[in-house]
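Both backbone and side-chain heavy atoms feed into the values below; hydrogens, waters and symmetry mates do not.
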Amino acid sequence: MVKKMDDEADSKITAVQKAARLLQAIASADEPQSLADLSDQTVMPKPSVHRLLLQLEEIGFVKRDLSGRGYTVGASWLRLSVDALVTQARQPIVRGVMQRLVDRVKESCNLSVLQNHEVLYLERVECDWPLRMQLQSGSRVPIHATASGKLLIAQMSEKNRRALLNSVHREKFTDTTIVDLDEMEEECRIIRKNDLSMNKEEYHRGLIGVAVPLRRSDNTVIATLSIHAPSFRMSVETALSYAPLLKESAKEIVAELGL
């Protein structure tokens, strides 16, 4: 009787709705999900889930893990997600929030996400100082040596974070760059505790940065908002004093993006 009711409910859901439900289950998981896991989470029969997974895998929206038994986010879906965020981030109203922040702190501001093991700048608003680090929207910076990168990986499970860090070249750009995995674990613990991340001359000597999270309604961190400046103009203490302004602006951006 229960099986019949499940089949009847399943038949009333469109194929697009089923796919969306399945993709959401995969995206919200910390680790690759098995067919059985996805069937349980989506309350759909295994044959239906398997058929959808094959179709989504064919177009690159999902991919199998190394074991071949788990499913995770595919390259095509990642590109589409980032493209969607880029489009939203470059809306005048979002850039306006960032410009107001720059006007208040007098330093450059970045809106960033994690993509392909690097930090991608979705949008950037420059300050007016003649001496500044000039980067454009679309620029990429290392995950292990930047405030935004460290904040994003701090949200991962330790297992996934170590796997990611082991897959990239952790170049020691300066004396303060963290390349040891145990040291990075302690750094990530502090980041989660304070809900912000600092770059203390870890990417470029003489450059200080601070980043705060953009949190979706379910508390998931999807991006970061950060500022950076030469250390002679912005000390670590000054950067930390800007954290409330950054967090206020981050909430405004989340509201404007409807997340």
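Remark: E58 CD is loosely packed, at most 12 non-hydrogen atoms of other residues, nucleotides or ligands lying under 6.0 Å away. For NZ of K46, the number of neighbouring non-hydrogen atoms (other residues, nucleotides, ligands) closer than 6.0 Å is 12 at most. In D218, the CG atom is crowded: over 12 heavy atoms of neighbouring residues, nucleotides or ligands sit closer than 6.0 Å.
There is a path of hydrophobic side-chain contacts, each under 4.5 Å, that joins L181 to L114. One hydrophobic cluster, built from ILVMFWY side chains closer than 4.5 Å, cannot hold both L151 and V179; they sit in different ones. Linking Ile, Leu, Val, Met, Phe, Trp and Tyr whenever their side-chain heavy atoms come within less than 4.5 Å puts I59 and Y71 in one cluster. Neither I190 nor L152 shares a network with the other; the hydrophobic side chains, linked directly or stepwise wherever heavy atoms of I, L, V, M, F, W or Y lie under 4.5 Å apart, form separate groups for each.
Residues D65 and P32 come closest through the heavy atom pair OD2-CB, 3.6 Å. P244 and L240 make their closest contact through CD-O, 4.0 Å (heavy atoms, listed as atom of the first residue, atom of the second, distance). For the residue pair A211 and T224, the shortest heavy atom distance occurs at CB-CB, 4.5 Å.
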Pair E187-R192, salt bridge (charged side-chain N to carboxylate O under 4.0 Å, His left out): steps then yes or no: CA-CA 9 Å; E187 179 79 353; R192 290 192 298 272; over 6 Å; no
Stepwise side chain to side chain contact (heavy atoms under 4.5 Å, CB included) test for V210 and N199: CA-CA 6 Å; V210 58; N199 173 7; over 6 Å; no
Verdict with reasoning, F173 to H144, per ring-ring contact (aromatic ring centres under 6.0 Å, His included): CA-CA 10 Å; F173 296 101; H144 71 291; 5.7 Å; yes
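Taking CG of N160 as the reference point, atom CD of Q155 lies at 13.0 Å (rounded to 0.5 Å). Annotation: the span from R162 atom CZ to S167 atom OG amounts to 13.5 Å, rounded to 0.5 Å. Distance check: L225 CG to E252 CD gives 10.0 Å after rounding to the nearest 0.5 Å. Of the inter-residue distances, the one linking E107 atom CD with M234 atom CE reads 6.0 Å to the nearest 0.5 angstrom.
No side-chain donor-acceptor contact under 3.5 Å links R104 to the backbone of Y242. In this structure a side-chain-to-backbone donor-acceptor pair under 3.5 Å is missing from Q24 to R21. One N or O on the side chain of R161 and one on the backbone of I153 form a donor-acceptor pair closer than 3.5 Å. No donor-acceptor pair under 3.5 Å is formed between the side chain of T177 and the backbone N or O of A145. A donor-acceptor pair is defined here as one N or O able to donate and one able to accept, closer than 3.5 Å; no such pair exists between the side chain of N110 and the backbone of Y121. Side-chain atoms of S197 come within 3.5 Å of backbone N or O of A147 as a donor-acceptor pair. Counting only distance, with no hydrogens or angles, the side chain of N194 and the backbone of L196 share no donor-acceptor pair below 3.5 Å.
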Indicate every side-chain donor-acceptor pair of residues 33-40 with a distance under 3.5 Å to a residue at least two apart or in another chain.
unit_1	atom_1	unit_2	atom_2	d
Q33	OE1	Q41	NE2	2.5
Q33	NE2	E31	O	2.9
S34	OG	D37	N	3.1
S34	OG	D37	OD2	3.0
D37	OD2	S34	N	3.3
S39	OG	M44	O	2.5

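Counted by atom type alone, T238 and S235 present one or more donor-acceptor pairs between their side chains at under 3.5 Å.
Ion pairing between a basic and an acidic side chain is recognised when a charged N comes within 4.0 Å of a carboxylate O; E57 and K63 show no such pairing. Residues E186 and R189 are paired through a salt bridge, judged by an N-O separation under 4.0 Å between the basic side chain and the carboxylate.
Within the structure, salt bridge (charged side-chain N to carboxylate O under 4.0 Å, His left out) pairs that include any residue of residues 194-204 comprise K150-E202, D195-R215 (at least two apart or interchain).
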